[in-house]
Amino acid sequence: MNQSQNLKVEIPEKNAYTYDIVIGTNLLKQAQELIEQYTKAKKVLVVTNEKVEQLYGKDLQIKNSIRLVLKDGEEYKNFETYKKILDTAVENKLQRTDCIVAFGGGVTGDAAGFAASTYMRGIDFVQIPTTLLAQVDSSVGGKVAINHEHGKNLIGAFYQPKIVIADTFVLKTLDLRQLKTGLAEVLKYAFIEKSCAAPLNYRFFDFLKQNRQEIFGLNPFIISKMIKICCELKASVVSKDETEKGLRTVLNLGHTFAHAIENLTNYTLYTHGEAVAIGMKMAFRLAKLKNNIDTEYCEEALKLIDDYEIAPDFVDLDKDSFYEEMFLDKKAQNGKLRFVLPDGICSVCVADDITKKQIFDVI
Ligand code: NAD
Ligand code: GLY
């Protein structure tokens, strides 16, 4: 399948700024043309990492480009990498009208995007996401950041790309663990569908139930459709609330638990998606405990998570440390924890009235 699909992201908060997400196969070969169409860049700084460069570097040929190949890993989403990107931009005399392209997973996209948001107070930025997680989530919506030694994504900005080019062909080299990491965010969209600004009545939940084999087999039609639905749901939320003053919080289902899990295990034991999947299971159990949802839906949702095998066994963490760690979550307000919790079929709410005992019962 060579046909690509275009989706628009509209950001009324930024003077009705809009950009396209292009989803399809063999798009790397068209990237040069798309970048010319969507930016005025004379020079392009492509930021990627060693693995992506080795796998797909030759497929992304862009005229007048400089390539910065970073080391691979979350631990490089830091100040040093940020400085390296800026140093490269300065050394190569990138101008305001030039462009930074992020070519890689969420780590590359977040770091390159943050550099683009600050170089000369912001230059054009293009996302070419190469992991499933990046194609369904991190490349869309403009959150860009680097980590600080005291917390993940502590230094960042809201900075929207000029275009997102999601080539589904590259997903074939993801290992199963990375595929499942992206699928955790995919399932999240099924659980929040009705709370998005444009519930699309896909019953995305049913789509995921029915197409598991095709998804794991990377059926190009089903994969493109799945990515498009996720991006449509995310775009609908971001267009109503770019800077997470309210609605955008729904995208954080499972994340209050997940961030604590990631922090307590020093980002070594679980990928982000694995932690989110474990966190979503906890969120469902908490919602059931509070009688927000009935047993049937809770069991159906937990079964979907189990059928996709996205949540690994959870190591026993000290419950008090876990509880304390959750207060570092960016959603916590006035010393109160806030959770996104299921409150109906494919619908969620934000709750800040959870007791310590209830949390201890589900972690
Ligand atoms: P990642 O960027 O580390 O990529 C995962 C691994 O896959 C890496 O080893 C990478 O080199 C490799 N890889 C990339 N493309 C590949 C391909 N096509 N084939 C084979 N291997 C490939 O991790 P990720 O899961 O993409 O992203 C996680 C990051 O995204 C975290 O830092 C998280 O904080 C961030 N994130 C940001 C947002 C946002 O809205 N900005 C949302 C969710 C997550
Ligand atoms: N991944 C959560 C968000 O973009 O808001």
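Counting from 1, the numbers follow the sequence of the chain as shown.
With hydrogens and angles left out, the side-chain atoms of Asn252 and Thr249 include no donor and acceptor closer than 3.5 Å. Side-chain contact annotation: Lys357 with Thr355, donor-acceptor N/O pair under 3.5 Å absent.
Think of Ile155 as one node in a network of Ile, Leu, Val, Met, Phe, Trp and Tyr side chains linked at under 4.5 Å; its network also takes in Leu45, Val47, Ile66, Leu68, Leu70, Phe79, Tyr82, Ile85, Leu86, Val90, Leu94, Ile100, Phe114, Tyr119, Met120, Ile123, Phe125, Val144, Ile146, Leu154, Tyr159.
Evaluation of the salt bridge (charged side-chain N to carboxylate O under 4.0 Å, His left out) test over residues 26-35, restricted to residues two or more places apart or in two chains, returns Lys29-Asp59. Sorted by first and then second residue, the salt bridge (charged side-chain N to carboxylate O under 4.0 Å, His left out) pairs with a member in residues 259-280 read Arg177-Glu274; sequence neighbours excluded.
Under the 6.0 Å cut-off for aromatic ring centres, Phe191 and Phe284 qualify, their centroids lying closer than that. For Tyr38 and Tyr19, the distance between ring centers is not under 6.0 angstrom. Centroid-to-centroid, the aromatic rings of Phe216 and Tyr308 come within less than 6.0 Å.
We find the CG-CD distance between Asp167 and Gln30 to be 8.5 Å, quoted to the nearest 0.5 Å.
Look at Asp98 and Lys93 and you find no salt bridge, because none of the NZ, NE, NH1 or NH2 atoms lies under 4.0 Å from a carboxylate O. Residues Asp20 and Lys162 are not paired through a salt bridge, judged by the lack of any N-O separation under 4.0 Å between the basic side chain and the carboxylate. Lys152 and Glu74 are joined by a salt bridge, as a carboxylate oxygen and a charged side-chain nitrogen come within less than 4.0 angstrom of each other.
Scored by the salt bridge (charged side-chain N to carboxylate O under 4.0 Å, His left out) test, Glu300 finds Lys209 as partners (sequence neighbours excluded). In terms of the salt bridge (charged side-chain N to carboxylate O under 4.0 Å, His left out) criterion, Asp72 has no residue partners (sequence neighbours excluded). Judged as a salt bridge (charged side-chain N to carboxylate O under 4.0 Å, His left out), and not counting sequence neighbours, the contacts of Glu309 are Lys180.
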